[in-house]
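Single-structure report; data block below.
Here is the naming used below: chain letters follow the sequence lines, and residue numbers restart at 1 for every chain.
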Amino acid sequence: MEAMPEEKAEFEEAEIKYVSYGGEHHLPLIMNLVDQELSEPYSIFTYRYFVYLWPQLSFLAFHKGKCVGTVVCKMGEHRNTFRGYIAMLVVIKPYRGRGIATELVTRSIRMMMESGCEEVTLEAEVTNKGALALYGRLGFIRAKRLFHYYLNGVDAFRLKLLFPPPPRQELSPSLDT
Amino acid sequence: MIQYNTGKSAKRRASSTRSPTPSLFEILSSSNYSPMSDNAVSEEASMDGHPPNLASIPASDSTIWADASPLLQAACTGLRDGELIHGDNFNLFAAMSALEIMDPKMDSGIVRTYYSIDEAIENGAAPIPISPDSTVDVQSTIDIMDHLLACEAAWHKGHSLAQTVFSCIYLLRLDRTAPHALLHSYCRVTRATCKAVVSLVSDARTHEEEDLFTMMYGLPLNGDGDDKCLSMLNAVEETISRQLRACKAASSKRRLPEDLEPLQSNPNLEEGFCKALLCRLRFRKHFFHILACMKRPQGRGLESARKHIASCTTELESILKSADFLRSCFGESCEGDIDDKTTASGREPIGFDAMLNSRLSAPMPPRAIKILSWKKAVEYFVKLLHDLDVICSHSLDEHLESLLRFVVQFQKSQPDLVARSHLQLLLVQDGKLYGRDPFFAVITKAAALPEATKNHDIQKNESILQLGMLVMNLLKILCTNAAWQRRKLGKLLQDWRVIYVQLELAFRNAFGEVSSSSNDENICMKIFQHILLWVEEQTYWIAFRFLILGFELELYSTSEYCMVYWYLYAVLIKLAEKTHLKMTVSYDTAKRKGKKKKDSPKDLARESRIPPAVLFLQCYMCLAEGLTMMLAALRNEISVFQSPGPFNTEQEKFAQHFELLQRACIPDHVSYPSYKESTTHARFSTLAMYNYFKDAQRIVKEVKSSFSNDPDRLSELRKLEQVAEHNSVAQNLICRLGALDPSLKVSFEFSHHPFFPTVVVKRS
């Protein structure tokens, strides 16, 4: 329990700048955010794995030069499907509830779609109502429940978003049946 | 001497030594790298100021110790931000397994209290005797017993053995407790019990997601002489019983029969302590017996197990009652909420340190776990005993259909892993049901074939053998936790569909389309026909379970209910059809066998009447259809319960939720377009034309009397009745006001039934 009431930051949505991962200078920003907010311990190598191999899938949100949110993802072949995976999503408390997380995730998903992914997946705690609502609005379904997935005994949902099949390319009018 | 830099500089993170090829980092560890990284820890780590024992990792024939500090320093200076040393087996992905030494969130080897168990003991963490004051000694022993029980419950609930039961230093070094008979025998029985439970769950082999349970981490679970633990316990129990009789005699001023040494020095507390100890010892004794009895093959020990369960439950009640006495003993007020404490007395137990074993749990990151409170631990065991009793009371002579219903009903109380493993091992042993009935016999009985069929040669047919395996696996899967169960049931659908196709092919190959005159061929045909029908029915039953488990697991959002109930309806139609067909065919078979001499009017009436089991399914169908149409109308009229997203449509969600069913063509001719077609025209006006919920109410009334001897099904019918009643009213309300009153809010609550919601209409 926090002694002070949470202070919400005041800002216009237009003041938030979204940037694609641009290099090592962004890494400490991402690491600080995630270390602060999430309970899982990640070494620097974990971050590097994601941002070095898939820099185009990670995004940062800035407000007046301060990094207030980030999303870190990957994509790859998994059992004959080309699939995106959302590894970390954080927005600092004073900036939550204003659509920043949704915007970060949306940009990443769009990039995945454009890169040819057939689906996107992630795990979320069953108790994380905020995340479940966010991803639900974006079209994710709860594909599976994973019993005692987390070390604290909490179950997880595997969330999955299936993209519609890409529109078939028309070769030439004369070949249309 | 190697010393790791304990600073947090991002450049100087040590890497884990996973690479098999010699590399810079390989030099830093010996080939016998043990989690007891005594050498690697700098002097600041030891809290009490004693330097660590430096000789614990000796150099071997193939390794030497070398000071790599200059090399590391050079590498750090030479590397720029963002650069990584690559090796043949060391790349970005492999690097993710790196730990930061001395990071308490990652380093399992970090020293928190003591360096090792031996150091803990040397520093008096687990004294023997616990106290020179015999009263404190007894009191502390009881605290240890209570905390151990709490640890055991925490383990059963999913935490590691290393951090729960084996956080007890006395248990880790059991032999040194020998001078303390009470503690020694209690610990020994506890250890033997844990071993038995690990063995039970391992044998079940369906604890994939709960695999933490059976990880032994090299803990000392196998003790010499543990098989004699009960006789040791009995001896101690006998001594304390005598002591109790003696102090009761003393209090009633009768002459002391023997010259016994009292348990402790305060005569006023003697009786209370004796009683508190006796019920705890007896609980352990009976619990151990329960495990042994239930393990006996073919359910031979179930009746004895029930007796021990009853005794065990009584002892638990006494244990609970002893709390008042234990708390009041010294007039201490305990800090904090007594309900959170892990002992009856509220005092902290002596001799436990969960972090001592954290190295054994590596490479899992170190996590402090919360041991269950003593109250909750007792509650857990009460429930466990109840669940075990339900298993033991179950008759072993039932029809497969009622056995399946029993398992489903049993699972409703959400039994934990230990209870579920017991059930599974009772049901499936040595490839037979109850270790006694071959699965072919089980199938022929389930398929309503005559008794003699179970000896027929057809059981050697490859497909029939596979079918037996499928039934066996189905039973095992039904005993697992709901989340895992649903995933496995989904995969099973394909297997059952395939076996059906194979059987059908075998059937046609054997008999073509022409009925043969040979008697044996007639029998074979009959067997195939019955079994094929039964396989179809089972397949739809599995599909039904797969769909409704989604509600229990909260996999569906409200905007997906419409398609789920629609699909459920489609599956239920087929299930009812196959069930009815099977019953008709079996009735015909019985008739043809001459069991029915002629059709009396009563027989004819029965034949045309729909069997109660089918009516039951029709009730489900009405509710499913009613809900589908209501949701569709709400969506079409006032655009609620839909969830258009920026990336995909309802069609993708349909494909995802029903992928496994669609792939197995269960049912056939069911697709997203047909779903759209069924629901696209639903309006409040169409809804007003037919009330499916009233139909459900009517069926419930009709069918209740047929299940008067079945309390589970009666209870289910009552719930369905409530849902139907509420929803019928809600439907009328929505039809009348829905389009007119924009303030009307409709919600779906599972308040009466687990997978059919009650529709709640409110004004916002």
If you tally heavy-atom pairs under 4.5 Å against chain B, which of Ile141(A), Val120(A), Thr46(A), Leu138(A) wins? Ile141(A)
Residue pair Ser43(A) / Ala95(B): nearest heavy atoms and the distance that separates them: OG-O, 4.2 Å
Give a yes or no on whether Lys376(B) atom NZ has more than 12 heavy-atom contacts from other residues, nucleotides or ligands under 6.0 Å away. no
What is the minimum heavy-atom distance between Gly136(A) and Ser643(B), and which atoms define it? O-OG, 4.0 Å
Has Glu10(A) got more than 12 heavy atoms of other residues, nucleotides or ligands less than 6.0 Å from its CD? no
Looking at Tyr556(B), Phe647(B), Phe93(B), which makes the most heavy-atom pairs under 4.5 Å with chain A? Phe647(B)
Can you measure from CD (Glu83(B)) to CZ (Arg48(A)) and round to the nearest 0.5 angstrom? 9.5 Å
Heavy-atom pairs under 4.5 Å with chain B are the metric here; pick the option from Leu27(A), Leu53(A), Thr106(A) that has the most. Thr106(A)
Could you tell me the separation between the OH atom of Tyr47(A) and the CE atom of Met96(B), rounded to the nearest 0.5 Å? 12.0 Å
Region of Ala655(B) in contact with chain A, defined by heavy-atom distances below 4.5 Å: side chain
CD of Glu652(B) to CG of Leu161(A): how many Å apart, nearest 0.5 Å? 8.5 Å
Contact origin within Phe157(A) toward chain B - heavy atom pairs under 4.5 Å: side chain
Shortest non-hydrogen contact between Asn648(B) and Pro164(A), atoms and distance: CB-CD, 3.9 Å
Is it the case that more than 12 heavy atoms not belonging to Glu12(A) sit under 6.0 Å from its CD atom? no
May I ask you to say whether Arg142(A) pairs ionically with Glu554(B), meaning some side-chain N is under 4.0 Å from a carboxylate O? no
With a 4.5 angstrom heavy-atom cut-off, could you sort out which part of Lys157(B) is near chain A: side chain, backbone, both or neither? backbone
Which atoms of Ile369(B) are under 4.5 Å from chain A, going by heavy atoms: the side chain, the backbone, both sets, or neither? neither
Passes side-chain contact (heavy atoms from CB on, under 4.5 Å), Arg486(B) versus Arg145(A)? Steps please. CA-CA 9 Å; Arg486(B) 188 180 189 265; Arg145(A) 185 159 177 147; over 6 Å; no
Do the non-hydrogen side-chain atoms of Leu162(A) and Gln651(B) ever get within less than 4.5 Å of each other? no
To the closest 0.5 Å, what do you measure between CD (Glu24(A)) and CZ (Arg80(B))? 11.0 Å
Of Phe45(A), Phe50(A), Tyr52(A), which meets side chain to side chain contact (heavy atoms under 4.5 Å, CB included) against Leu92(B)? Tyr52(A)
d(Phe147(A) CZ, Leu417(B) CG) to nearest 0.5 Å is 8.0 Å
